[in-house]
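Report on the structure given below.
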Amino acid sequence: MSQVVSSPARTGTPITPAGGPTPPVAKPSLFGTLGQDAPAGLVVFLVALPLCLGISLASGAPLLAGLVSGIVGGLLVSVLSGSAVSVSGPAAGLTVIMLSAIATLGSWQAVLAATVVAGVIQLLLGAARAGIIALYFPAAVIRGMLAAIGIILIMKQIPHFLGADTDYFEDMDFLQFNGLNTFSSIAAAAKGLSPGSVVVGAVSLALLLLWDTAPVRRQPWARLVPGALVAVLVAVGLNQLLRAVAPAWQVRPEHLVKLPVLSSLGQLASVMTFPDFNALRNPATYGVAFTIAVVASLETLLSVEAVDNLDPQKRHTPTNRELMAQGAGNLVSGLLGGLPLTAVIVRSSANIAAGAQSKVSAFIHGILLLVSLLFLGSILNLIPLAALAAVLLLVGFKLTKPALYRTQWRLGWAQFGPFIITIAAVLFTDLLKGVSIGLVIGFFFILKDNAKAGSYLRRDPATSGDDPADGEGAAPLHLRLPEHVSFLNKASIVTTLEQLPTGSRVVLDGTRSDVIDHDVLEAIEAFRQAAPARGIELELRGIRRVALAGH
């Protein structure tokens, strides 16, 4: 009998040397990595700011709604979440849902009430431990999603890099609201580029590439100051220089960050919107809330799975805790007039690329969003979007490096197929539809592998001759079922039984099976009844018979 050895990695038991137990490793202080987290938080803030504003515009919501969502994601969700490096905020994948929700419920205040209910639903999903579904996402689909987002980032930032964009900053869908698509938008941008934006973007990108070279990375001072921060600061200075010496080349005002300038807290309160809970009397509100909760939860689970893969330390995010953190975030965001939020890959990727080590960076980004809203609007409005586009161009390239495609190809078509199809589907639809298509393709390959003859039935030479020979001197063929037999095993079992030679003696052994799915039992019973016509003598061991429909 084969011996099963439990893996220390799976049981959580530490591996100790022969000389004695390994002393525990001291857990770093929460603020022990502040030197890396603070600059990373600043970089994420600079990336998140225009994204929050852009998604508000795309969703048909008040301009402040996206900023409120980003602030809640930074100050609340980062504290409640178990993820070290993910960043939460408004997501582009929810923009179409928001537009539809406003049309369905009739007002933004009613949608806020639905967002509050969606937060409660997510809290219940987390309490019910629904986060387990994240473990069933095939790795090839997750990698395909990341690569597709990288390509989208590159293509979507080119118009901003050229200073000729007319759409909002994080339009992640292939088809845009202005009638263009990803490719036609780039072509239109090339015809109407702004020289100042091109210069600022090119200098920013060159600085980022320089900062990523080995000689610069080896410098201690370079590790303390992220390249993205340097690129943004230089971009602001360069644009001010162009304004003074070559006004025709300066970045046009419409291609600078646009933040509402507030003079007091009282003014902030006057422009905020709050939920109308009378909408809870409308049954449609609960349908909208359920849609927001499901889509936001799926995007979050996909994002944290992808972020865990990107995390250099490969830390694991507890998915049930993440659902509850996102639920609390959406509840508070809805109460304060904010958009629904999720864990988002773009900002999380920028966070990791900037060297974040803990959730302190996401918290700092939330503080900076709040401070900027209250005090720094006029200063931040000097930042060219071309500089932020350069940051995201490099983030996008790192997500879709050519080496990733080579690695997936070497793993075989069962891995490369779902990977490349997910990329194409995300590029030409949107994130959720594309990943759904990728999951379907991934499950197809899983079912195909399960359908291979002999995948789950084992020939056991040690026992196939244990039974005494019959009158004709033939020893039975011993076929053993695995410990757990699900409906996924049905195709394999039926195929193997159908390929048995006529006149053979077969022992179908289920004595080691803890669970045998009812569909499989029906298939075995159907074969048992048909076996005599083929001259097959079938003996069932440890397998109960079931009544077939119509018999």
Side-chain angles (χ1 to χ4, degrees), residues 1-13 132-133 135-140 411-415 417-418 439 441-551:
M1 181 182 295
S2 62
Q3 212 172 7
V4 178
V5 181
S6 63
S7 166
R10 297 184 68 177
T11 62
T13 304
I132 189 68
I133 62 174
L135 299 178
Y136 294 94
F137 296 139
L411 293 175
W413 185 249
Q415 289 292 315
L439 288 174
I441 300 300
F443 290 141
F444 166 77
F445 278 98
I446 292 173
L447 293 173
K448 182 180 178 182
D449 288 340
N450 277 277
K452 293 179 180 177
S455 294
Y456 289 89
L457 295 178
R458 302 288 184 256
R459 297 177 181 270
D460 193 343
T463 58
S464 58
D466 288 347
D467 295 341
D470 60 13
E472 299 177 354
L477 176 64
H478 198 113
L479 301 175
R480 193 186 302 278
L481 296 178
E483 290 185 18
H484 185 86
V485 185
S486 71
F487 75 96
L488 295 174
N489 306 111
K490 180 178 177 180
S492 172
I493 293 170
V494 170
T495 302
T496 300
L497 292 175
E498 288 178 348
Q499 292 178 350
L500 292 172
T502 301
S504 58
R505 294 180 60 214
V506 181
V507 175
L508 187 56
D509 190 349
T511 55
R512 295 186 180 179
S513 300
D514 295 330
V515 178
I516 302 179
D517 188 82
H518 186 79
D519 287 354
V520 176
L521 290 174
E522 285 191 348
I524 292 173
E525 178 63 19
F527 177 80
R528 187 192 68 80
Q529 295 182 12
R534 295 173 53 189
I536 295 176
E537 182 182 338
L538 178 66
E539 177 187 347
L540 302 180
R541 294 182 183 176
I543 302 174
R544 65 182 178 87
R545 297 181 182 179
V546 297
L548 297 178
H551 289 75

Gap separating the CG atom of Leu508 from the NE2 atom of His478, nearest 0.5 angstrom: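 Reported to 0.5 Å precision, the distance equals 8.5 Å.
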Value rounded to 0.5 Å, distance of CD in Glu525 from CZ in Arg545: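 Nearest 0.5 Å value for the CD-CZ distance: 6.0 Å.
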For the residue pair [X] and [Y], what are the closest heavy atoms and their distance?
{"X": "Leu481", "Y": "Ser513", "result": "CB-OG, 3.4 Å"}
{"X": "Leu439", "Y": "Pro138", "result": "CD2-CD, 3.4 Å"}
{"X": "Gly442", "Y": "Pro418", "result": "CA-CG, 3.9 Å"}
{"X": "Leu497", "Y": "Phe527", "result": "O-CE1, 3.4 Å"}
{"X": "Ile536", "Y": "Gly503", "result": "CG1-N, 4.1 Å"}

Whether Arg534 side chain and Ser504 backbone form a donor-acceptor pair below 3.5 Å: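 Checked: no pair found.
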Arg528 side-chain N/O to Leu540 backbone N/O, donor-acceptor pair under 3.5 Å: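 No; judged by distance alone, with no hydrogens or angles, the pair does not exist.
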Side chain to side chain contact (heavy atoms under 4.5 Å, CB included) assessment of Asp517 paired with Val485: CA-CA 6 Å; Asp517 188 82; Val485 185; 5.6 Å; no
Partner set under side chain to side chain contact (heavy atoms under 4.5 Å, CB included) for Thr511, not counting sequence neighbours: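 Thr511 satisfies side chain to side chain contact (heavy atoms under 4.5 Å, CB included) with Arg480, Asp509, Arg541 once adjacent residues are dropped.
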Side-chain touch Leu500/Leu479, heavy atoms, less than 4.5 angstrom: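 In short, these two side chains touch, coming nearer than 4.5 Å.
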Intermediate values then yes/no, side chain to side chain contact (heavy atoms under 4.5 Å, CB included), Arg544 and Leu521: CA-CA 8 Å; Arg544 65 182 178 87; Leu521 290 174; 3.5 Å; yes
